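Heads up: the structure comes next, in structure tokens.
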Amino acid sequence: MTRTNHLIELEEKYGAHNYHPIPVVVSRGLGVHVWDVEGWKYLDFLSAYSAVNQGHCHPRIVKALTDQAEKLTLISRAFHNSELGEYEKFMCNIFGYDKILPMNSGAEAVETALKLCRKWGYKKKGIPQNEAIIIFATGNFHGRTLAIISGSTEDSSKNDFGPYLPNIEIVEYGNIEALKKVIQNRNVAGFMIEPIQGEAGIIMPGEAYLKACSELCKEHNVLFIDDEVQTGIGRTGKMLAIDHAGVKPDILVLGKALSGGVLPVSAVLANDDIMLCIQPGEHGSTFGGNPLACAVATEAIKVVLDEKLADNANKMGELFRAELKKLSHPLIKEIRGKGLLNAIEINDAPESKTAWNLCLKFAENGLLAKPTHGNIIRLAPPLVIKEEEILTAVAIIDKSLKTFQA
Ligand code: PLP
């Protein structure tokens, strides 16, 4: 039995079956590349769902991790720590908010944003107790907690996990008229949105829509909550995807690449009139704001800025889509994306195995990617990728496609 098969069998036998991975066992990563336990090298075109924007094991981020790990990893928020204040100042300056609330996973940060929004709704907007409504968009993905899946429209995320959180409204993503109708209700506290839906298959509603959403929210005194857990930190060619629309969200949610894929680090940012609605004892997390996370996240953001990774995402994304569009294989229904958040939509039914089988072929040829929603393959390499690596990836995709009949 190969080492790969042995390790997959262990996961199958002892791990919960809540994932269905591509059968490759990765043991090492550097930059845009990873290696499996058999020694095969791959281009990583998923980047841990955009958590590894800075590339695997970025030496500066790993150094920040190890330096801080030798000093202090965790003290909890029962006391102050030497890294937190500087990190908070740094983040507020970079993103242009008065305050940050640090958490760990993306889902926790989204939950935090929902709680903050409700608090604001009661304390500032004057919504009657227990009547605050939050609007979500169809096709959204904001994580896996009960509150979050209550706003999901995805059966596989929701089924058999009820009862769900009440007071959630759903509007069609990209349809401003739908939002216009629902936002009239005075009990609406917030509108939660991804500027590009990653998990749904790189669905881009356009800048005019996002701008119109933000204006509608302002007009109706509703908080515009921008979930940039997947789209943020340079991924789409700007620090935030919402920057393309020139919109400043009331609440900004960050995660994933905030740590360069080194630790779970997430954050919620807002101005004082919103953030100070939460008082001591009302929300928190043992690990949120820990010194290790502060050191790692500071360095991870500095790397994005110093290495101009958003610009590179922009340039490499343009090149990637242009080269992919030249392939014109009948299995390609559409190539779309922004920066290095891209997708190939496969010309086959979502229930078909075509995209999955194509990803197996990609792996055989040295590129890792995974389908979402059956027939869409997300292609999102680390933002440190270079031109020749983009061309290698396109050659692998081409070679793999050629083994398939439409
Ligand atoms: N929000 C968005 C837009 C995401 O894409 C994700 C994860 O994919 C999350 C939130 C949840 O993040 P986490 O998996 O770290 O909880």
Side-chain angles (χ1 to χ4, degrees), residues 16 18-21 44-53 101-117 134-154 156-158 161 168 173-174 190-205 210 213 224-236 239-243 249 251-269 285 287-288 290 293 296-297 300 337-343 369-373 376 378-380:
N18 56 333
Y19 281 94
H20 178 45
D44 179 3
F45 263 60
L46 188 56
S47 307
Y49 299 99
S50 295
V52 191
N53 286 3
L101 198 163
M103 296 294 283
N104 311 288
S105 69
E108 276 178 308
V110 172
E111 283 272 343
T112 301
L114 294 173
K115 288 175 73 179
L116 181 59
C117 178
I134 300 194
I135 306 174
F136 286 74
T138 52
N140 72 70
F141 186 87
H142 299 288
R144 298 292 193 175
T145 64
L146 278 169
I148 292 170
I149 64 161
S150 300
S152 170
T153 55
E154 220 22 70
S156 61
S157 299
K158 284 190 92 155
F161 290 124
I168 283 173
Y173 190 60
F191 175 47
M192 164 81 73
I193 192 166
E194 298 154 270
I196 295 174
Q197 289 184 335
E199 214 49 39
I202 320 303
I203 311 296
M204 301 186 292
L210 294 170
C213 288
F224 184 86
I225 310 170
D226 177 23
D227 179 352
E228 296 259 1
V229 169
Q230 187 161 160
T231 50
I233 324 291
R235 171 58 56 188
T236 69
M239 187 53 112
L240 302 175
I242 202 80
D243 292 343
I251 301 181
L252 172 65
V253 185
L254 297 173
K256 294 190 193 270
L258 183 50
S259 72
V262 165
L263 289 171
V265 183
S266 64
V268 174
L269 290 111
S285 152
F287 280 84
N290 70 77
V296 161
K338 201 158 192 86
L340 283 172
L341 188 58
N342 294 289
K370 197 178 177 229
T372 181
H373 287 261
I376 301 167
R378 178 174 18 199
L379 296 163

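These numbers were taken from a predicted model, which means no experiment stands behind them. Just so you know, ligand 1 is whichever comes first in the structure, and atom 1 is the first atom listed for that ligand. Note that the numbering runs from 1 along the sequence shown for the chain.
Partners of A380 according to the side-chain contact (heavy atoms from CB on, under 4.5 Å) rule, which considers only residues two or more places apart in sequence or in another chain, are S50, R235, L341, R378.
Atom-to-atom distance recorded for N342:CG and I376:CD1 is 13.0 Å, nearest 0.5 angstrom.
Scanning both residues, S150 and I168, for their nearest heavy atoms gives CB-CD1, 3.5 Å.
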**OP:** Test side-chain contact (heavy atoms from CB on, under 4.5 Å) on K256 and I233 and set out the steps.
**Re:** CA-CA 9 Å; K256 294 190 193 270; I233 324 291; over 6 Å; no

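The side-chain heavy atoms of M192 and N140, taken from C-beta on, include no pair separated by under 4.5 Å.
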Write none if no such pair exists; otherwise list each N/O atom of ligand 1 with its protein N/O partner under 3.5 Å and the distance.
from: ligand 1; atom 1: 1 (N); to: D227; atom 2: OD1; distance (Å): 3.3
from: ligand 1; atom 1: 1 (N); to: D227; atom 2: OD2; distance (Å): 2.6
from: ligand 1; atom 1: 5 (O); to: Q230; atom 2: NE2; distance (Å): 2.8
from: ligand 1; atom 1: 8 (O); to: K256; atom 2: NZ; distance (Å): 2.8
from: ligand 1; atom 1: 15 (O); to: G106; atom 2: N; distance (Å): 2.9
from: ligand 1; atom 1: 16 (O); to: G106; atom 2: N; distance (Å): 3.4
from: ligand 1; atom 1: 16 (O); to: A107; atom 2: N; distance (Å): 2.8

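No donor-acceptor pair closer than 3.5 Å links the side chain of K338 to the backbone N or O of I202.
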